[in-house]
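Take a look at the structure set out below.
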Amino acid sequence: MPELPEVESLRSLLDNSVVGRTIVGGRIGKKPLRRHVTRDFIADVKGHRIERIARRAKYLLIELSGGLVIVAHLGMSGSLTHRDGNAGSFGLDPAHDHAEFALDDGSRLVFNDPRRFGILRLMARERLSTLKELEALGPEPLGAEFSADYLAGKAHGRKVAVKNLLMDQRIVAGIGNIYASEILFRAGVRPTRRSGRVTRAEIERIARAVPAVLGEAIEGRGTTFRNYLDSRGEPGRFASKLLVYDREGEPCVQCSTPLRKVVVGQRASFYCAKCQR
DNA sequence: CAGATAACCTGCGTGC
DNA sequence: TGCACGCAGGTTATCT
């Protein structure tokens with residue numbers, strides 16, 4: 001579920017709440033995630049201090065003392081909540097709490113993921129760059145490396161729909177299904193357009209829309225479409241700012257034409273047939 | 001190689 | 001009310 005803005009909001013919140021805390025215990029659930037969580041995970045992190053919270057694309061990186069790092073991916077339905085001593089479960093089903101880290105101030109970090117598409121693994125920080133999942137990622141969409149020139153180069157000669165290109169983590173890392181639709185609406189380009197046929201001017205509009213939309217979403221602490229919760233158990237505020245996603249049939253905010261829904265690469269996509277060409 | 005598709009898993013809304 | 005079905009914010013293995 002979470003795309004870059006949700007993970008970045010999570011990173012920011014945790015950076016202000018758990019850095020400096022030491023992991024004193026915890027537990028790992030029995031059910032496997034997308035990748036199996038090692039049985040001795042808790043024993044390995046116990047006694048280590050949380051030094052910094054970083055992010056790469058949709059991956060959250062919890063850097064620990066002793067050169068360790070916890071790599072977390074929330075998949076489609078994951079959340080990582082920080083609960084103080086007497087906090088409840090934020091409405092999350094405890095049956096899907098797959099990992100729990102007890103901190104030295106009595107609070108807990110809980111990894112909950114009903115669909116279990118998430119990832120939780122521990123590794124040496126120096127080996128992070130060798131992690132297959134991270135190695136294959138393209139540039140950060142909010143970084144200097146991502147530009148109109150870069151995108152034009154990647155789109156050149158490609159037949160894949162431009163929406164799929166934006167969601168391809170090897171091209172640019174962090175954009176998912178919701179923001180891809182929002183970005184293309186902002187850029188005035190239909191999601192179904194073949195990448196290689198998108199004009200230079202359109203590529204430039206897309207390249208500008210990418211950081212603009214993601215940046216605004218981060219300011220709103222992400223989007224809660226169904227049930228995503230941030231580390232405090234609160235929904236993101238950007239959902240009300242979505243202009244096209246999940247708004248089939250509703251009037252376009254710019255021209256009032258009813259918005260359309262089309263499936264592109266097996267994923268629902270929303271657009272305005274008049275504003276987007 | 002690029003591109004398309006199925007699969008992983010659970011919950012929830014919809015329509016009969 | 002119950003049930004079958006479709007769909008969900010992601011990634012990846014496996015086809016053509």
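Only this structure's heavy atoms are used, side chains among them; waters, hydrogens and symmetry mates stay out. Residue numbering restarts at 1 for every chain, and letters A, B, ... go by the order of the sequence lines.
The ring pair (Phe, Tyr, Trp, His ring centres under 6.0 Å) contacts involving residues 115-152 of chain A comprise nothing, where partners must be two or more places apart or lie in separate chains.
Across the interface with DNA chain B, nearest-nucleotide mapping of A:Pro114 and A:Ala161 shows A:Ala161 to be the residue nearer the 5′ end. Nearest-nucleotide mapping onto DNA chain C: of A:Glu133 and A:Arg115, the residue sitting toward the 5' end is A:Arg115.
Regarding A:Glu6, its CD atom lies at a distance of 9 Å from the P atom of C:dG10, rounded to whole Å.
With rounding to the nearest 0.5 angstrom, the CD atom of A:Glu8 is 11.5 Å from the CD1 atom of A:Ile53. The CG atom of A:Asp15 sits 11.0 Å away from the CD1 atom of A:Ile62 when rounded to the nearest 0.5 Å.
Stretches of at least 3 consecutive Watson-Crick or G-U wobble pairs, with each checked distance under 3.5 Å, appear in DNA chain C as B:2-8 with C:10-16, B:10-16 with C:2-8.
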Worked check of ring pair (Phe, Tyr, Trp, His ring centres under 6.0 Å) between A:His73 and A:Tyr59: CA-CA 5 Å; A:His73 192 294; A:Tyr59 293 83; 4.7 Å; yes

### Message
Could you go through A:Tyr179 and A:Glu6, starting from their C-alpha distance and side-chain angles, then the distance that decides it, and tell me whether this counts as side chain to side chain donor-acceptor pair (under 3.5 Å)?
### Response
CA-CA 11 Å; A:Tyr179 296 112; A:Glu6 289 71 44; 2.6 Å; yes

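Donor-acceptor pairing under 3.5 Å is recorded for the side chains of A:Ser77 and A:Asp113. A donor and an acceptor atom, one from each side chain of A:Asp105 and A:Ser107, are located under 3.5 Å apart.
Listed pair A:Lys58 / C:dG9 fails the phosphate criterion, with no side-chain N or O lying under 4.0 Å from OP1 or OP2. The phosphate of C:dG10 (OP1 or OP2) has a side-chain N or O of A:Arg267 nearer than 4.0 angstrom.
Atom C1' of C:dT12 sits at a distance of 23 Å from the matching atom of B:dG11, rounded to the whole Å.
Look at A:Phe117 and the base of C:dG10; the rings stack, centres closer than 5.5 Å and planes less than 30° apart.
Under the 4.0 Å criterion applied to side-chain N and carboxylate O atoms, A:Arg186 and A:Glu182 are not assigned as salt-bridge partners.
Between chain A and DNA chain B, the heavy-atom contact criterion of under 4.0 Å yields a 5' to 3' nucleotide range of B:dA2 to B:dC12.
In this structure, the nucleotide among C:dG10, C:dG9, C:dA8 sitting nearest to the side chain of A:Ala268 is C:dA8.
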